[in-house]
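Computation of the quantities below employed the complete heavy-atom set of this structure, encompassing side-chain atoms and omitting hydrogens, waters and symmetry-equivalent molecules. So you know, we letter chains A, B, ... as the sequences are listed, proteins then strands, and number each from 1.
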Number of protein chains: 4
Amino acid sequence: MLSHSPDHRTRTAERRRDAMRRRLVESAMLVFAAKGTETVVIDDVIMVAGVSRGTFYKYFPSTLDLMVAISQELANELMAQVERVVAPIPDPVERVALGLRLFIETARAFPLFAGFIRATGVQATGPAALIYNYLPDHLNEGIAKGRFLDLPLEIHLDLITGTVLLCVLRQLPVPTETAHVRQVVASMLRALGLPAPEARAIADLDPPPLHLPEDSLLVRTQRRLEAGSDDTCRRAR
Amino acid sequence: MLSHSPDHRTRTAERRRDAMRRRLVESAMLVFAAKGTETVVIDDVIMVAGVSRGTFYKYFPSTLDLMVAISQELANELMAQVERVVAPIPDPVERVALGLRLFIETARAFPLFAGFIRATGVQATGPAALIYNYLPDHLNEGIAKGRFLDLPLEIHLDLITGTVLLCVLRQLPVPTETAHVRQVVASMLRALGLPAPEARAIADLDPPPLHLPEDSLLVRTQRRLEAGSDDTCRRAR
Amino acid sequence: MLSHSPDHRTRTAERRRDAMRRRLVESAMLVFAAKGTETVVIDDVIMVAGVSRGTFYKYFPSTLDLMVAISQELANELMAQVERVVAPIPDPVERVALGLRLFIETARAFPLFAGFIRATGVQATGPAALIYNYLPDHLNEGIAKGRFLDLPLEIHLDLITGTVLLCVLRQLPVPTETAHVRQVVASMLRALGLPAPEARAIADLDPPPLHLPEDSLLVRTQRRLEAGSDDTCRRAR
Amino acid sequence: MLSHSPDHRTRTAERRRDAMRRRLVESAMLVFAAKGTETVVIDDVIMVAGVSRGTFYKYFPSTLDLMVAISQELANELMAQVERVVAPIPDPVERVALGLRLFIETARAFPLFAGFIRATGVQATGPAALIYNYLPDHLNEGIAKGRFLDLPLEIHLDLITGTVLLCVLRQLPVPTETAHVRQVVASMLRALGLPAPEARAIADLDPPPLHLPEDSLLVRTQRRLEAGSDDTCRRAR
DNA sequence: GATGAATGAGGCTTCATTCAT
DNA sequence: CATGAATGAAGCCTCATTCAT
């Protein structure tokens, strides 16, 4: 039997497509880390990825699509992470607090992530939008249980989003202390309506250590960043 | 006496220079508000201002410089406004609350301002930086008097800056209700450590109506915006 | 075998790159000859070459680099030509005389060459510099054999370079008679120290006819000049 | 009698016009000296001259006219100088030799002059053209008297012009020895047909020291150059 | 008459995207 | 299929010249 089954062929091709897609997304992250969002993009990305221009366009119709792809990938990884931790927790307040902690912890552990947030800002497409998708249910539950003040959700959401954003930016160029993060989260909980002592107590509950899968975008990219910072930065200005 | 005194000539020339400078700043403001800071291009500004390329460079080396000029002008106008109102108030908490209200009210009354903030983001050069300059004294006084929680200032500042930022963005494309602003301010006061009822009461104190001088950048520009929105937006993407 | 070998592909690509490079060099030559070096502008070159702005920058960072490329190419062609003729000649005086004759003859036969020299002037990068590279050995030998006056080389070189330069300019807009060239060369030989009759005799030795290869820059460009002088000169001032 | 006579008024005005014209021409020379011909012109000239743009255009319709004005002024000064020296000399050969010596000596004494020649090249408008105007009569006389070879004048002229040009360029950035100049002139005389010993003897005749009037362009400019090289070069690049 | 602000054509350079090989 | 040469629109900046005051 000389030829593989068409099915197998298809599957192989698909796997290769995925690998290349990842490679491009990673490379874009690396470029982001090396330079500000402004300045060159495509040239750097394909150079870091080691592929041709044509190949790039095979995978992404435009640079914007690449940005979107990164955002989604990051959002997915983060959601998985957060859900894993908070799902079993009965108290909606703790769920909110731990979710925010995890978001900020990710930015602390992965400057790459913080940099991307900074570059993206508060866009509907960026990972910051995650907050608007993830929190409402928990907030509503907290409100229903009388733990949070019964205000329009957007009040709570804007405060949280804005605060988290600033807190993430604070992680650059060097991360803050854990104490700082706890205090910020406590502040948000007070804003949501919790009494100061309770806010403090819950904000001090540490989430389990981050555990992103080995093949997650952030982990892979961080690794490449540490490994060959030479190659990456060579052309990067 | 047939000829003008050199002094008079000089003064006339100076006045014209100033007029052109203002024209450019106004135009840039219009453009910045309509598009993102990053994407603004000299062509946009000179088209809106109706001047030549060369003229632009006589006054500003780059669009970035224009941006800085606008920021400073806006910051000055805003500070004058705020100081006028809060200076006589003895309670630091009220001073903080009213200051934030005025900031947000300005964004509500002048979509141009909100647009500019959106375009600028949380840059050290943008008017958002105002918060970092203006608040510390009042916050410290509030902390000293036991009204605010005694946390590192940056905790309070990040929360306020982030929240105000988001609240300003909410004013686009259409402003929110006053009630919304009051609630947001109340949330911030709670985060700062005030008990919910007090936070609410102080957040409900309305500031006197905005009163910007007729020749302020915001008033002039808003007027131009209403007048010839055609010209302005033609090229603006 | 359906697909070309990568080797073949590579070679094809390389050949195309070379072709484009040549096209640009030729076009620049046409433009340089038509206008002054100083005034040539990328637009002229790409218009004559019929390529895009971007393409130009792929190959040369500036028009100056093109100029250098042309100079080197011309210098190479000329050297090959001259060496072929003078190498077997035992008498250094004859070698000098014939070399100069060939240089000038080239300018006579190729107005393009004369134009380029005019445009270049006496730059270290221009083909006129050839004289400073090529002559010293022969002059020294002539001096050693007592045929030329024993003066500092630069005296001889400046005189020859200046004179040849002017003589080349004389070839524009229409070439001079051969007799003129012979007389100029004789003058130079007298300046070098030869007695008038001997100078005359040696200056009258005709070099063999020019023979540049078909694919030399001068031949190719001259051909293009004759073919489409319309296109070339359209924008040229 | 309150008003001056119209005649006096006119004369005063004329004198002022002349003064300004000179000021501009000097300034242009200074700028030439400070930078290469390329790069800015008008801005530098008016800055060095301390006048306004408008004033400049009152005096010279374009920059080209300024160049021409400088050339003519220099040519006039040089001619006056040379004529003063050679007029009384009976021997045409000596007249030629001394004239060339004076030309070159001027370039040695005034780097400004050499720089201008370099910038101008062999243009019909430049001072190098002087050679073509001044020499023919003397050469013809020399030929008639059997001192120079009876060749077409252009042969002699091209050789001399080219050689002098190169010799002038040699004076930059630092002047050569007098001996060098003598040898070059001797070479030219040999080329013209003089026997080597006689060429040498005549080339060694030193001209009287240069004596340009105090108010000549070169003297004034050189003085200003030495005086305030700071002001001149401040903006120069 | 002098001034210098305004002009705008003319050059330069970059980079996302296309497409023949 | 992958490639990378070619494209050209979109920015940027300069500077000779004009002209209202």
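- For C/Ile42, counting side-chain heavy atoms from C-beta on, the closest listed nucleotide (F/dC13, E/dT13, F/dT3) is E/dT13.
- Remark: B/Tyr59 pairs with no residue by the ring-ring contact (aromatic ring centres under 6.0 Å, His included) rule, at least two apart or across chains.
- Rounded to whole Å, atom P of F/dA20 lies 15 Å from atom CE of B/Met20.
- Near DNA chain E, defined here as any heavy-atom distance below 4.0 Å, the residues from residues 57-69 of chain C are C/Tyr57, C/Pro61, listed numerically.
- In this structure, A/Ile46 and A/Thr55 have side chains that are not in contact, with every pair of non-hydrogen atoms separated by 4.5 Å or more.
- For the strand DNA chain E, secondary-structure stems (runs of at least three Watson-Crick or G-U pairs, all distances below 3.5 Å) span E:2-21 with F:2-21.
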Side chains of residues 25-32 of chain D: which donor-acceptor partners sit under 3.5 Å, not counting sequence neighbours?
residue, atom, partner, partner atom, Å
D/Glu26, OE1, D/Arg224, NH1, 3.1
D/Glu26, OE2, D/Arg220, NH1, 2.4
D/Ser27, OG, D/Arg23, O, 2.7

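- For the OP1/OP2 pair of F/dT21 and a distance below 4.0 Å, the side-chain nitrogens and oxygens of B/Thr12 include no atom meeting the criterion.
- Put simply, CZ on A/Phe56 is 15 Å from P on E/dC15, counting in whole angstrom units.
- As a whole-Å value, the separation of C/Arg15 CZ from E/dT21 P is 14 Å.
- Of the possible polar contacts, one joining the D/Asp65 side chain to the D/Ser62 backbone as a donor-acceptor pair under 3.5 Å is found.
- Contact annotation: C/Thr55 does not reach the phosphate of F/dA5 (side-chain N/O to OP1 or OP2, under 4.0 Å).
- The side-chain hydrogen bond (donor to acceptor under 3.5 Å, both in side chains) search around D/Thr221 returns none, not counting sequence neighbours.
- E/dT3 atom P lies 17 Å from atom CZ of B/Arg17, rounded to whole Å.
- In this view, A/Thr63 satisfies the side-chain hydrogen bond (donor to acceptor under 3.5 Å, both in side chains) rule with no residue, not counting sequence neighbours.
- Straight-line distance from the CD1 atom of B/Ile46 to the P atom of F/dC13: 12 Å, rounded to whole Å.
- By the side-chain hydrogen bond (donor to acceptor under 3.5 Å, both in side chains) test, D/Ser71 pairs with no residue at all, sequence neighbours left out.
- Listed candidates were F/dG8, E/dA5, F/dA2. Nearest to the side chain of C/Ser52 is F/dG8.
- To the nearest 0.5 Å, atom CD of residue B/Gln72 and atom CE of residue B/Met67 are 10.5 Å apart.
- Remark: C/Phe56 engages no residue in a ring-ring contact (aromatic ring centres under 6.0 Å, His included) (not counting sequence neighbours).
- For the pair D/Leu24 CG and E/dA2 P, the interatomic distance rounds to 11 Å; values are reported in whole Å.
- The nearest whole Å value for the distance from the CD atom in C/Glu38 to the P atom in F/dC15 is 15 Å.
- Between the base of F/dT17 and the side chain of D/Arg53 there is a donor-acceptor pair shorter than 3.5 Å.
- When distances are taken from the side chain of A/Asp43 to each of F/dA6, E/dC15, E/dT3, the shortest belongs to E/dC15.
- Here E/dT7 presents its C1' atom at 13 Å from CZ of B/Arg23, a figure rounded to the nearest Å.
- Among residues two or more places apart in sequence or in another chain, the side-chain hydrogen bond (donor to acceptor under 3.5 Å, both in side chains) test is passed with B/Arg16 by none.
- Nearest-nucleotide assignment on DNA chain F puts the 5′-proximal partner with C/Arg16, out of C/Arg16 and C/Gly54.
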